[in-house]
Amino acid sequence: MKPVLHKHNIELSDKAQHIEFVSMIEDLWDHPYVLELDGFGQHLNTSRRQHSLNVAYYAYRMSKRFDLNVQDAVRGALLHDLYHYDWRTEQPVAGRHVNVHPNQALENARKITEVSEVMADCIVNHMWPMGEGKPQSKEAWIVQASDKLCALLEITTQIAHKAAHLNLAPMMVGILLFVK
Ligand SMILES: [Fe+2]
Ligand SMILES: [Fe+2]
């Protein structure tokens, strides 16, 4: 399976140019801890697993462009939101969500793979500047930027999609009757 860009979302399909990206995440992508993220919404209808893939893919493109540690940036990005609760309704650990969930994600990431220093930096500091930590490596700067970019794209494309499918006819009739 290889990823392609589809609207704001990345999909795993058969594009040969993305073999490298997939090879960096394939041991994690179908891991039960990562699969479980499908059960949580992240931004509107984008699941946390899809969001994680989106962030990983943009981190891949950016870290490659700047000749950084691509593998650590991608794997850190994929695991940056690896927590299993709905932060809107649950708070299993005391504290502010922006500070708590990156540490939860790091704890979970360490249960399923080896986590390098750079990966840990990408995960725990992705909430900068809202969270407590600040990225220490260039890879972590890229992951926090990719996270924000993806959140923006995920939300705006869905709103635009909804607006394009709104039936404006009844509203227009109402306006015409009102101004008459
Ligand atoms: Fe997060
Ligand atoms: Fe995120």
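We number each residue from 1, following the sequence as shown. Both ligands and their constituent atoms are indexed starting at 1 by order of listing.
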Quiz item: Can you tell me if Thr46 uses its side chain to pair, donor with acceptor, with the backbone of Gln42 under 3.5 Å?
Solution: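 Side chain of Thr46 to backbone of Gln42: no pair is present.
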
Practice problem: Check the pair Asp86, Arg48 against salt bridge (charged side-chain N to carboxylate O under 4.0 Å, His left out), reporting the backbone distance first and the verdict last. | Solution: CA-CA 10 Å; Asp86 183 347; Arg48 194 171 298 155; 5.3 Å; no

Exercise. Given side chain to side chain contact (heavy atoms under 4.5 Å, CB included), test Trp29 with Val22 step by step and report yes or no.
Key: CA-CA 9 Å; Trp29 181 240; Val22 174; over 6 Å; no

Quiz item: Taking only residues two or more places apart in sequence, or in another chain, which ones meet His31 in a ring pair (Phe, Tyr, Trp, His ring centres under 6.0 Å)?
Solution: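 In terms of ring pair (Phe, Tyr, Trp, His ring centres under 6.0 Å), with neighbours along the sequence ignored, His31 is linked to Tyr33.
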
Quiz item: In total, how many protein N/O/S atoms does one find closer than 2.8 Å to the Fe ion (ligand 1)?
Solution: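 Every protein N, O or S atom under 2.8 Å from the Fe ion (ligand 1) counted, the figure is 3.
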
Quiz prompt | Residue His51, metal the Fe ion (ligand 2), N/O/S under 2.8 Å | solution =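 Checking His51: at least one N, O or S atom is under 2.8 Å.
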
Practice problem: Could you go through the side chain to side chain donor-acceptor pair (under 3.5 Å) check for Asn54 and Gln50 one step at a time? | Solution: CA-CA 6 Å; Asn54 296 343; Gln50 178 69 61; 2.9 Å; yes

Practice problem: Identify the two heavy atoms, one from His126 and one from Pro102, that lie closest to each other, and give their separation to 0.1 Å. | Solution: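 Closest approach of His126 to Pro102, heavy atoms only: CE1-CG, 3.9 Å.
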
